[in-house]
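Notes for the one structure printed next.
In the text below, chain A, chain B and the rest are named by the order of the sequence lines, each starting its count at 1. The analysis underlying the following values was restricted to heavy atoms, covering all of them including side chains, and did not include hydrogens, waters or symmetry mates.
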Number of protein chains: 2
Amino acid sequence: MKFENQPSYSLGQRGPNKDTLAGESGNVRLVSQSTLGEINRGRVLQALYDNGPKSRAELARLAGVNRTTITGIVQPMIEEGLLVEGDAVPSDFKGGKPARPIYFNPEAPMLGAVLLLPGRIQTCLVTLSGDIKALTKAQFDPHGDRGAFLAIIKDTLSATLSQAHQAPFGIGIASGGMIDSDNGVILAVNLAPVLTGLHLVDILQAHFSLPVVIDHHPRALLVGDRWFGPGRGQQNFAAIYTGEVLGGAFYIDGRVYRGLAGSGGELGHTVVQIDGELCNCGKHGCWETVAALPWLRREAARLGFANPESVTCARLVKEAAEGAEAANGLLDRYTRNVAFGILNLQQTLSLNSYVLHGDIAGGGADAAERVRQHVERLVKKRPNQEISITLNGIGEGHTALRGAAGLVLSSHLKLVI
Amino acid sequence: MKFENQPSYSLGQRGPNKDTLAGESGNVRLVSQSTLGEINRGRVLQALYDNGPKSRAELARLAGVNRTTITGIVQPMIEEGLLVEGDAVPSDFKGGKPARPIYFNPEAPMLGAVLLLPGRIQTCLVTLSGDIKALTKAQFDPHGDRGAFLAIIKDTLSATLSQAHQAPFGIGIASGGMIDSDNGVILAVNLAPVLTGLHLVDILQAHFSLPVVIDHHPRALLVGDRWFGPGRGQQNFAAIYTGEVLGGAFYIDGRVYRGLAGSGGELGHTVVQIDGELCNCGKHGCWETVAALPWLRREAARLGFANPESVTCARLVKEAAEGAEAANGLLDRYTRNVAFGILNLQQTLSLNSYVLHGDIAGGGADAAERVRQHVERLVKKRPNQEISITLNGIGEGHTALRGAAGLVLSSHLKLVI
DNA sequence: ATAAGTTTGTGCGAAGTACAAACAAACTGT
DNA sequence: ACAGTTTGTTTGTACTTCGCACAAACTTAT
């Protein structure tokens, strides 16, 4: 028989000479058996991350598979030193062979991490359980010479990596600015032009002979929440950062959402006030224009606050607690404005869980509770769906470094086909 | 050794007594070999959908696997009548055995579809290539008796199904209102209270002994775009519907985005104008308040248009083409308002492709081009990322019914683990 | 008319990975 | 000492993809 009148067309989103990607029209990838094995190994590791040390039998129950299957997956990783078997744990039952829990080997390789901010570099090692080691800091001229910058970052990383007893799994980089995470390129950093256009991943991979991954700062915070923070075990949640700018990122179904070449998640530049204040991106009325520190300080000045340039969420919370009505009012407006963007994310994606970072997190539990109450007032609740607003990153402030390390974990574990 | 100080906690989003889902903390599913086979069979079917008839060798090239693998997948489906082998096609090469293309069997079972609107039901059969057959229509009292409604929908569907030569794969239902698509329940339809709380999937599955799936109307439009319309072959795109209300849905990485229990994608109730117009959802400044027909008509009345109650996008396009400056101005404002919500979706998810339905689609290519130009003005373009705005559903108007049928396809093909 | 070259489809056995069943090990309670 | 229970291991089976060789079906050159 002849097949006729069969359409085969697309919406025209691909540019000229662009290679088709897996899953795009014209190219559907099947799953091979070795890929199947990789997926399952990654999921077993994920289960250990999410649930803590577990025996083979417990892992088999969690994963819905045969005990033999778990042994087959786990044994090679014990033999290669990634995992280790713990002491026998007496059973909770009447009788029964004691279980032998399995977990990550403290002697396992660590993760390299780089935090890249305009003018400043921090590097460290992070253990599989999230401990920070060999922290090294340096500064660079954001408008300076490309070669000088590369020398500084290589030296700083070398100082850190020299304190590892064995080669780490890889190096993760959290950077400000517009990042193409697929190609490992810093597309643009307005505050540090020396970085713009830098193919940093290729350069560092060649220099250190280690896998290198890069992503932008809010997404690194998110990944840090996922592996080492309040997002542990979560499949769907967002991290929201407020400061000089406003940014965010989110996990959907266990995966960091990136969009094409990492371009998704420009949450600060979604519009919440048509024809509102001019944003530094050129549009009017972006979420960032009403929910970042510049807005807060401008409003503080307009309302006659003392030292308006030093107004932060923490300061407002403190002054409100001391009875200052003006501070209470401004704090309420700020947290309400933050809530509008969270509302829009909630309406769009139903993530139900949000972790606050940066200035808004500096306001502590009081600020978080205000944001949550505003969000709850705005969202039409669905049955059995509580919205959770939590904090991370207050205190020692290494969330972004852990996040950078988490980028390595996410890419190494191959958790999703 | 003993494992100590290992955290195992979550953000607290689960309610009391809620079963943990696959992938959530405490439960990670591994992939079995029979699941692997199902995934690969689904992907081969998807490749045929997206690319039209292909030979085994061509499919092997597309899928990146061995020719033997494709034969092993395809042969059982030929034997069971889902696929059929076509006439040999002479090779484009010098020599070479002629290829035997494979495609869907016209004698294969069809798909049942139901469109459920306040007061009206439409049912039909849809072939695997999207042809509509056995269309039946009925009306019901939206405030009437639950039993009377069920009798009407069963009769209407029976009339349609009696014209099928064999049992269809299943029945898909596109419905207005708030739908819990995981449990197959219509949670609320403000304009048709008789439907509220109806466990329609269980009822119809029991009655017809066929698989039944349900989703809300904009998501059914999206799925229709994906299988039978301009979204064919696309992994990431959104469908936007404007009319009395504004709704939308989107595909991410080849999957319909649903969120928990289908609650994601309430795009019409994202806020674009803080403290703006009161919305019928109770909030102020939702996208729906500035980009649906009620806004258009109210503005037309305010501006002194003749017969403002009959203003639609199509009418404005026509009058603007005839030189009416007021119509041109209102059309520009309407398409700009539609663009703001698309902008926010683009900033959040970087989908790059949007299909317009309903009233805004009624404005044809001119309206779509205006929307596209507004979006392009607002979005900071990334390298190699064109934004596409297309139309669907104008003409015969069966997009939603094809979409309902597509819900069956999506669930039947098991395209994703 | 025959041979060389090329592509497609099939047959056969190998490889990778999960599953089922049986058994040994290690415990508790009677 | 024995029964019962759970955990971990051993052995063989099942499912699915892969690699290689070969047959079939064509075109082109001689």
Side-chain angles (χ1 to χ4, degrees), chain A residues 22 28-45 47 53-79 83-103 414 417, chain B residues 22 28-45 47 53-79 83-103 414 417:
Chain A
V28 174
R29 291 256 149 232
L30 302 192
V31 184
S32 72
Q33 288 193 310
S34 50
T35 302
L36 174 65
E38 286 180 17
I39 291 164
N40 283 345
R41 281 189 288 277
R43 291 187 180 192
V44 167
L45 294 178
K54 293 293 177 190
S55 68
R56 295 168 182 81
E58 283 168 317
L59 285 170
R61 280 194 288 277
L62 285 174
V65 294
N66 200 271
R67 292 197 301 274
T68 317
T69 303
I70 295 297
T71 299
I73 291 172
V74 149
Q75 208 58 36
M77 293 192 267
I78 292 175
E79 285 161 8
L83 299 177
V84 75
E85 200 167 74
D87 294 345
V89 173
S91 176
D92 290 337
F93 300 86
K94 184 193 77 169
K97 185 179 179 181
R100 304 295 300 274
I102 290 163
Y103 203 55
K414 295 189 181 72
I417 34 172
Chain B
V28 175
R29 291 261 149 227
L30 303 191
V31 185
S32 72
Q33 293 186 306
S34 50
T35 302
L36 173 65
E38 286 180 16
I39 291 165
N40 283 345
R41 282 189 286 279
R43 290 187 182 191
V44 167
L45 293 177
K54 293 293 177 190
S55 68
R56 294 168 181 82
E58 282 168 316
L59 285 170
R61 279 193 289 276
L62 286 173
V65 294
N66 202 269
R67 292 195 301 274
T68 315
T69 302
I70 295 296
T71 299
I73 291 173
V74 149
Q75 208 59 36
M77 293 192 270
I78 292 175
E79 284 162 8
L83 299 177
V84 73
E85 199 166 72
D87 295 343
V89 174
S91 175
D92 290 335
F93 301 84
K94 181 194 78 167
K97 187 177 179 182
R100 303 296 299 272
I102 289 163
Y103 203 55
K414 296 191 180 74
I417 35 172

Practice task
Specify the separation, in whole Å, of atom CG of Leu36(A) and atom C1' of dC18(D).
Solution key: 15 Å
Exercise for the section: Grab the CD-C1' distance between Glu38(B) and dT17(D) for me, whole Å please. Expected result: 16 Å
Exercise for the section: Map Gly37(A) and Ala88(A) onto DNA chain C by nearest heavy atom, then report which one ends up closer to the 5' terminus. Expected result: Gly37(A)
Problem - Whole-Å distance separating the CD1 atom of Ile70(B) from the C1' atom of dG19(D) - result: 16 Å
Completion exercise
Taking every heavy atom of Leu59(A) against every heavy atom of Ala47(A), the minimum-distance pair comes out as CD2-CB, 4.1 Å
Problem - Lys/Arg N to Asp/Glu carboxylate O, Arg43(A) vs Glu38(A), below 4.0 Å - result: no
Practice task
Find the distance Arg43(B):CZ to dT16(D):C1' and express it as a whole number of Å.
Solution key: 15 Å
Problem - Rounded distance in Å - CG (Asp87(B)) to P (dC26(D)) - result: 13 Å
Exercise for the section: Would you please confirm or rule out a distance under 4.0 Å between OP1 or OP2 of dT17(C) and any side-chain N or O of Asn40(A)? Expected result: no
Handout entry: Phosphate OP1/OP2 of dT8(C): any Arg61(B) side-chain N/O under 4.0 Å
Key = yes
Handout entry: Nearest-Å distance for atom pair CD/P, residues Glu85(A) and dT7(D)
Key = 14 Å
Problem - Check: Arg67(B) side chain, dG9(C) base, donor-acceptor under 3.5 Å - result: yes
Problem - OP1 or OP2 of dG9(C) under 4.0 Å from side-chain N/O of Thr71(B) - result: no
Practice task
Look only at the side chain of Glu58(B) and the backbone of Ser55(B), and say whether a donor-acceptor pair between them is shorter than 3.5 Å.
Solution key: yes
Handout entry: N/O donor-acceptor pair under 3.5 Å between Arg100(B) side chain and Gly86(B) backbone
Key = yes
Handout entry: Side-chain N or O of Asn66(B) closer than 4.0 Å to phosphate OP1/OP2 of dT17(D)
Key = no
Exercise for the section: Output yes when a side-chain donor or acceptor of Asn40(A) lies under 3.5 Å from a complementary backbone atom of Val31(B), and no otherwise. Expected result: yes
Exercise for the section: For the side chain of Arg56(A), starting at C-beta, report the closest nucleotide among dG9(C), dT17(D), dT9(D). Expected result: dT9(D)
Practice task
Would you state whether a donor and an acceptor, one from the side chain of Gln33(B) and one from the base of dT17(C), lie under 3.5 Å apart?
Solution key: yes
Exercise for the section: Mind checking Leu30(B) for me? I need base, sugar-phosphate or nothing, with any heavy atom below 4.0 Å counting as a touch. Expected result: nothing
Handout entry: Residue Ser55(B), side-chain heavy atoms: nucleotide from dG9(C), dC19(C), dT7(D) that is nearest
Key = dG9(C)
Hey, what are the protein-to-nucleotides 23-25 of chain D N/O distances that come in under 3.5 Å?
residue	atom	partner	partner atom	Å
dA25(D)	N3	Lys97(B)	N	3.3

Problem - Interatomic distance where CD1 belongs to Ile78(A) and P belongs to dT9(D) [whole Å] - result: 8 Å
Problem - Under-3.5 Å donor-acceptor pair between Thr68(A) side chain and dA20(C) base - result: yes
